[in-house]
**Student:** 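Just dropping this structure here.
In what follows, chains are A, B, ... by sequence order, proteins preceding strands, each numbered from 1. Keep in mind that this is a model prediction, so the values were computed, not measured.
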Amino acid sequence: MDSVMSFFGLDCTKKKEKEEERHLRANDRELNLSYKYATNAIKTSKYNLFTFLPLNLFEQFQRIANAYFLFLLILQVIPAISSLSWFTTVVPLVLVLLVTAVKDASDDFNRRKTDRQVNNRRVSVLVSGELRSEKWMDVQVGDIIKLENNKFVAADLLLLSSSEPLNLVYIETAELDGETNLKVKQALTVTGEMGDCIEKLAAFNGEVHCEPPNNRLDKFTGTLTFRDQKYALDNERILLRGCTLRNTEWCFGLVIFAGPETKLMQNCGKTTFKRTSIDHLMNVLVLFIFGFLAFMCTVLAIGNGIWEFQEGSVFTAFLPRPDGVDASFSAFLTFWSYVIILNTVVPISLYVSVEIIRLGNSFYIDWDRKMYYPRSDTPAEARTTTLNEELGQIKYVFSDKTGTLTQNIMTFNKCSISGKSYGDVFNFAGQRLEITEKTEKVDFSYNPLADPKFSFHDHSLVEAVKLEAPEVHNFFRLLALCHTVMAEEKEEGNLLYQAQSPDEGALVTAARNFGFVFRSRTPETITIVEMGVQKSYELLAILDFNNVRKRMSVIVQSPEGKLSLYCKGADTIVYERLHPSCSKLMDVTTEHLNEFAGEGLRTLVLAHKNLDEDYFREWSTRHHMASTTLEDREERLDELYEEIEKDLLLLGATAIEDKLQDGVPQTIEQLSKANIKIWVLTGDKQETAENIGYSCNMLREEMTDVFIISADTPQEVHEELRNARKKMKPESEDEPTIIQRGILDKKSKMLPDETVDGEYGLVINGHSLAYALDKSLEQELLRTACMCKTVICCRVTPLQKAQVVELVKKYKQAVTLAIGDGANDVSMIKAAHIGVGISGQEGMQAVLSSDFSFAQFRYLQRLLLVHGRWSYLRMCKFLRYFFYKNFTFTFVHFWYAFFCGFSAQTVYDEWFITVYNLVYTALPVLGMSLFDQDVNDRWSVQFPQLYSPGQLNKYFSKTAFFKCVLHSCYSSLVLFFIPYAAMYDTVRDDGRDIADYQSFALLAQTCLLITVCVQLGLDTSYWTAVNQFFLWGSLAVYFAITFTMYSNGMYLIFTASFPFIGTARNSLNQPNVWLTILLTSILCVLPVVAYRFLLIQLCPTINDKVRFKVRQAKVALPPPSFRTRLRRRSSRRSGYAFSHAQGYGDLVTSGKYLQRGAISRGRGFSSSIQQRSGALQEMPQMYRAVKDASQ
Amino acid sequence: VSQLGAGTTNRPDNTAFDQQRLPAWQPVLSAGIVIPGFLLVGLAFIGIGVALFVTSRSIQVLENDYTGTGSSVHCSECVNPKTTPCTCQLNFSLSALFQGPVFLYYGLSNYFQNLWGDLSKSPSSSCAPYQYDQNTTIAPCGSVANSMFNDTFTLYQLVNATRKTVPLDGKGIAWWTDYNIKFRNPPEVDGSLAAAFNGTVKPVNWPKPVYDLDPTNPANNGFLNQDFLVWMRTAALPDFWKLYRRITEGEYASGLPAGNYTLEIQYNYPVANFAGRKSVIFSNTSWMGGKNQFLGIAYLVTGSLCVVMSAVMLIVYAKFNSPDEDF
């Protein structure tokens, strides 16, 4: 259901009219109200108390089936044509409407509740000169609001001022783009000066002109006019709803977009009511059935007309016609009578049963212990209970990266120190052991400042540290000194690191645990505790990271006065700058690096050198000069850095694991074996995404080629895409062949799959993707992407994620699934046929809008390969069988019409017609559809190929449906004509009547029921006790009910209702009746058995093959080896901490960075004030860096 | 280390039902079952077929069409509805004993007793258009009752040129349930059935009221008249037989001996105007009921097909048995 409403009230409302430009004035509610901008209130509920009934009923009767049953009901009330009683339709219809209405009402109630919860959050608003706590929904455009640390940003704000130096604020944007590192935003100086002075803020009357509401998260353009000065506004001044304020005590902001107009809301995509492809197919089939029904009724009506004309008119002596009824009018009435009689081809119970089956299969998902994650105590949850069978047809999986494939935890996993590799655990025989949760951890209790969450398994490294090996100490000293991390020590010994990238955090934490604790920093010093001794190093220079340098260095002076340079960076870069004496060590280290990279770890090389004091003084002077020049500053600095970062001595290498969630590579491999294509859509950087691609085994070294599309113009993107395609398939034509998907809707086109030799990968970044998603290029993109085995899109915005999904949905007749964990995945989760949320973490936004949720990516395998496949199989079996049984049931009427003057006489007792679907055949087929499995779950996982029939719609399609119809035709012919011939002019063994209507009806219905039961038995492949009980029970119930209804007692009590008195007794004691039943059922069923048997022999499906194997094995299957580590053969891919952004070095040295703990606020603040004017000029790259990060 | 205590709650139950591990029988359509199965079914069917066929052949049926039109030569003098009452004779001879007990049926063809609106309703409900005759309730009402078959038959054996009446037994020809449960006469008034039907009129087509159907036997009147009950058990198909009398008495209890017979027919029931046909049938029965060749032949054919099919499947299985390929 679309019960979905996010934590932030994610949903979109339609725009009234196109807004050209937004204009607002701070603290001027009157003016701002005149523009009628949306307020911050959010509404996602559909109904209220009064509109519920009419609206809901209106919606329900829009469903074709419901409207049809209403129509039938009306027909049945007309006595002239009502061949069946009206209650046969009204009871189930009311039931169905009621159940749906209750479900809708509860969904809407939940939405309303979440709306209210979000709208009632409190925020401080500056109203008429004072701060007041107001509800979120009362916040309006132009209000100034105050935010506090760790609070959500309530609306899209223009940052005015903050508690931090330089008017900086730190925000976490994980909800928006999935990146967990902190981002910095800075207010304009002119507004920042107001600080938290309420009077100034209340007097602030700046006017903002800016872009209308849109969904671009990375762009904002506008101007602020204040005191007759114009200031340009860009994205750096804007705080978006959905972010969280971090490390900032307070800040003030001016509301620019509110509620539904915020960028987050604009990005959330449409909530659509999801229906499965089977639903769509059913709609088509139901239409077809209506057509067929009309055809049959027409044939019968014409038959009736002819009969009336030829026979009926002369037969009037026995059945006189009512006045005014001639042959044609009689035919007309007959038409409608037959519509009622033959309506059983689409009974309501079909829809009820389908819902029950889906519900049952949803419960199985909720109950599955193998999808329960004990660590967060989270079971899987089927939040939408109407999409199960679609899980068995997935062709494309779109996955988020951070938090979905990865745990978003970086761990210091291995290292190589002066030619010795640490991190692996060996047993006594010298074999490498698998590291699991049970492996003994290194005991860091000797170090009171150690982080208890850190774990390491190789004891030899601790021994080495304790032995005070100088290289080892230098290694960790480097890690403790060379970084831009900030330490927070709220209480003694409890250190909290604020790292700009999780990689750095991991490295510093590792050093901390091994006894080199980074404790605090000032702009000039770094204080660390070295093996229990506190030392303060003087920080002389930070040679910061940037994307070209791919390394960072620090120059420090130890308390002893020794000058050293510590450098860490990408291996290739650092290797070029090593002293020749290290060459031997380099070889060994390279080996280790290869090993690390082969395990998918991110590596860094560490090096150091001691500096000569005089040289450094001289260099320092030049550095100072260079950093103050205005021309070519960056080049000159780079040169200086190059100069000093040479002749380094190699210390070793670190290997950090961007921890994948458990079982991710195995799951991906399984899914790709099942012919499911996995596309990774991430907001993260290209390098990170690629690295994860490799470590998940999606990208592999042995792939023929990996294309990287990162062009900046549409032409270049087109060129690159086409080149990639030509390389994969030189003969592929430029103009794609497009298949029109249907005859009815000309608009839907379909691109056929193109196969290529070899395996290819495609990496495309967000910038290029924006061009490629354009109408003119989208087909090119899709063709190229679909030829590749792996597609990774990086730096994509939430809406682009949805667009990619929509693109695939548009041109591929395939079922898509999107899986993600954050608010940035909401739009794609909503867009895909099936949305899966990763639950159990803090942010629940994705889960709230998802259809299914579970705690770990690896459960996707079980969800699809086991639950999905079974659900699909069961649903298809159900539909095939259900259509079969009802068509067979109905067609008998058709044949009988030729022998009863087309008078709409039913073949069966009216009671039988009423309860056939509800009682006699309801439970056995439900039992089959709830319990059936072709092979058990372990075999399903063992042979992912079993999944592919679902993707190809093998089990239920139009073809399958027509086969059903033909089968029914055959069965109904047998079911009518065998009893007909057997009863023709025959009598009981005592000479009395048996060819009477009632006996014939009983015979026909008994034959029918036994036949459909046997057919069900034939379709059931998994006979549990419940199935047996249902099947035999149904047959028993049939005879019990029949004998009861035809008994003396029932007749005496309800004379009018049970005219079939005695039929069962008089007819079912005749041997020829039973022989007829036997012959009929055998004739109906044996051809099916023969057909299926021959099919298995002649062209066995994958299912048959696996079932054959299962039967051969008979012994229990050894559990699939999940835990085996995938050995990857891959070349080294390393890089400097991937999620790193440039510019933090400056922040650190300039003292503008967050300063807590050791430094008193006053000092940090004053020093920053002194440097403020210069800092703005000094830090251009920092702003660019942040901008880079958001583009 | 799992932080899981015994008390943590969300872990699903480990039951076979929840985890979809219910023990189950998983039959497969394997050659070992299907091929012998077909063979056995085939042989069994052939056996049953032979038994049915032989039995059916042993049943004697003597059918005579007496419509009087078309190919039927009997009773052509009575076709004209104006000649009422009309009696005609149907002579036949038996060369051998017609094994008893012999049943006498009348058969109607192209006669739609199964039109909707007539029979799905019980006698008490919806009798239109024969509910009232000039505002007086008709008893019995309805078009089925109104159209009750009213030809009568008398059977004579010609012994030395004298007609000897063959006694026809009209008792117990209707279903026990129809006679005892389904139909009831209204309670007699002053010991008179006729008085009980006061205030009703006879059906339009009937020559005499319902309480006067069988003048020879006062107990066989009203709604419980056996012929009426037989007629009211409406036929499923447009061609049908209905039991008229049984020949069970006296010297004819063991059958009709060889000889010449005359059936005297009181021809009342018009069928010519809708191309219906009337016939009279003498038949005896067996354990499988009346004569029906179809069932035996159908069993024989089905059985043979099964045997053939099992052979075909055996060949296919031997030739193509390779479901264990790579996949």
**Student:** Determine whether the side chains of A/Asp989 and A/Gln1070 contain a donor N or O and an acceptor N or O closer than 3.5 Å.
**Tutor:** yes
**Student:** Give a yes-or-no answer on whether the side chains of A/Tyr1046 and A/Gln998 include a donor-acceptor pair shorter than 3.5 Å.
**Tutor:** no
**Student:** Which atoms of A/Tyr896 are under 4.5 Å from chain B, going by heavy atoms: the side chain, the backbone, both sets, or neither?
**Tutor:** side chain
**Student:** Relative to chain B, which segment of A/Phe902 carries a heavy atom at a distance below 4.5 Å: side chain, backbone, both, or neither?
**Tutor:** neither
**Student:** Need one label for A/Ala1090: side chain, backbone, both or neither, based on atoms under 4.5 Å from any heavy atom in chain B.
**Tutor:** both
**Student:** Looking at chain B, which one of A/Leu1018, A/Thr986, A/Asp993 has the largest number of heavy-atom pairs inside 4.5 Å, strictly under?
**Tutor:** A/Asp993
**Student:** Give the member of B/Gln19, B/Gln293, B/Gln20 that has the highest number of heavy-atom pairs under 4.5 Å with chain A.
**Tutor:** B/Gln20
**Student:** So, do B/Phe112 and A/Trp307 have ring centers that fall under 6.0 Å from each other?
**Tutor:** yes
**Student:** Ion pair present between A/Asp934 and A/Arg874, side-chain N to carboxylate O less than 4.0 angstrom?
**Tutor:** no
**Student:** Could you report the tightest heavy-atom contact between B/Ser30 and A/Phe1093, atom names first, then the distance?
**Tutor:** C-CE1, 3.8 Å
**Student:** Could you tell me which portion of B/Ile35 (side chain, backbone, both or neither) has an atom closer than 4.5 angstrom to a non-hydrogen atom of chain A?
**Tutor:** side chain
**Student:** Does any backbone or side-chain atom of A/Met983 lie under 4.5 Å from a heavy atom of chain B? Answer side chain, backbone, both or neither.
**Tutor:** backbone
**Student:** For the interface with chain B, which of A/Cys1099, A/Ala982, A/Pro1087, A/Ala380 has the highest count of heavy-atom pairs at distances below 4.5 Å?
**Tutor:** A/Ala982
**Student:** Looking at chain A, which one of B/Arg21, B/Lys291, B/Lys242 has the largest number of heavy-atom pairs inside 4.5 Å, strictly under?
**Tutor:** B/Lys242
**Student:** A/Asp366 versus chain B, heavy atoms under 4.5 Å apart: side chain, backbone, both or neither?
**Tutor:** backbone
**Student:** Tell me, for A/Arg1107 versus chain B, whether the close heavy atoms (under 4.5 Å) come from the side chain, the backbone, both or neither.
**Tutor:** side chain
**Student:** Less than 6.0 angstrom separating the ring centers of B/Phe183 and B/Tyr179, yes or no?
**Tutor:** no
**Student:** Side chain, backbone, both or neither: which part of B/Ala174 has a heavy atom under 4.5 Å from chain A?
**Tutor:** backbone
**Student:** For B/Phe282 and B/Tyr105, I'd like to know if the aromatic rings sit close, meaning centre-to-centre distance below 6.0 Å.
**Tutor:** no
**Student:** Check each atom of A/Ile978 against the heavy atoms of chain B and say whether the ones under 4.5 Å are side chain, backbone, both or neither.
**Tutor:** both
**Student:** Return all side-chain donor-acceptor pairs below 3.5 angstrom for residues 296-316 of chain B, not counting sequence neighbours, or 'none' if the list is empty.
**Tutor:**
unit_1, atom_1, unit_2, atom_2, d
B/Tyr299, OH, A/Leu1075, O, 2.5
B/Thr302, OG1, B/Ala298, O, 2.6
B/Ser304, OG, B/Leu300, O, 2.5
B/Ser310, OG, B/Val307, O, 2.7

**Student:** Just so I understand: if I count every heavy-atom pair under 4.5 Å between each of A/Pro379, A/Ala981, A/Gly901, A/Pro1071 and chain B, which residue has the most?
**Tutor:** A/Ala981
**Student:** Go through the atoms of A/Asp990 and report whether side chain, backbone, both or neither lie under 4.5 Å from a heavy atom of chain B.
**Tutor:** backbone
**Student:** Where on A/Asn1027 is there a heavy atom nearer than 4.5 Å to chain B: the side chain, the backbone, both, or neither?
**Tutor:** neither
**Student:** If you count heavy-atom pairs within less than 4.5 Å of chain B, which of A/Asp985, A/Val935, A/Asn1072, A/Leu1052 leads?
**Tutor:** A/Asp985
**Student:** Partners of B/Trp175 by ring pair (Phe, Tyr, Trp, His ring centres under 6.0 Å), sequence neighbours excluded?
**Tutor:** none
**Student:** For chain B, which candidate among A/Asn1048, A/Asn1066, A/Asp368 shows the most heavy-atom pairs at distances under 4.5 Å?
**Tutor:** A/Asn1066
**Student:** Where does A/Gln933 contact chain B at under 4.5 Å (heavy atoms): side chain, backbone, both or neither?
**Tutor:** both
**Student:** Among A/Phe899, A/Tyr364, A/Phe1058, which has the most heavy-atom pairs under 4.5 Å with chain B?
**Tutor:** A/Tyr364
**Student:** Side chain, backbone, both or neither: which part of A/Ile1082 has a heavy atom under 4.5 Å from chain B?
**Tutor:** side chain
**Student:** Name the region of A/Ile1061, side chain, backbone, both or neither, that has any atom closer than 4.5 Å to a heavy atom of chain B.
**Tutor:** both
**Student:** Taking every non-hydrogen pair under 4.5 Å, which of B/Pro23, B/Ala236, B/Gly290 racks up the most with chain A?
**Tutor:** B/Ala236
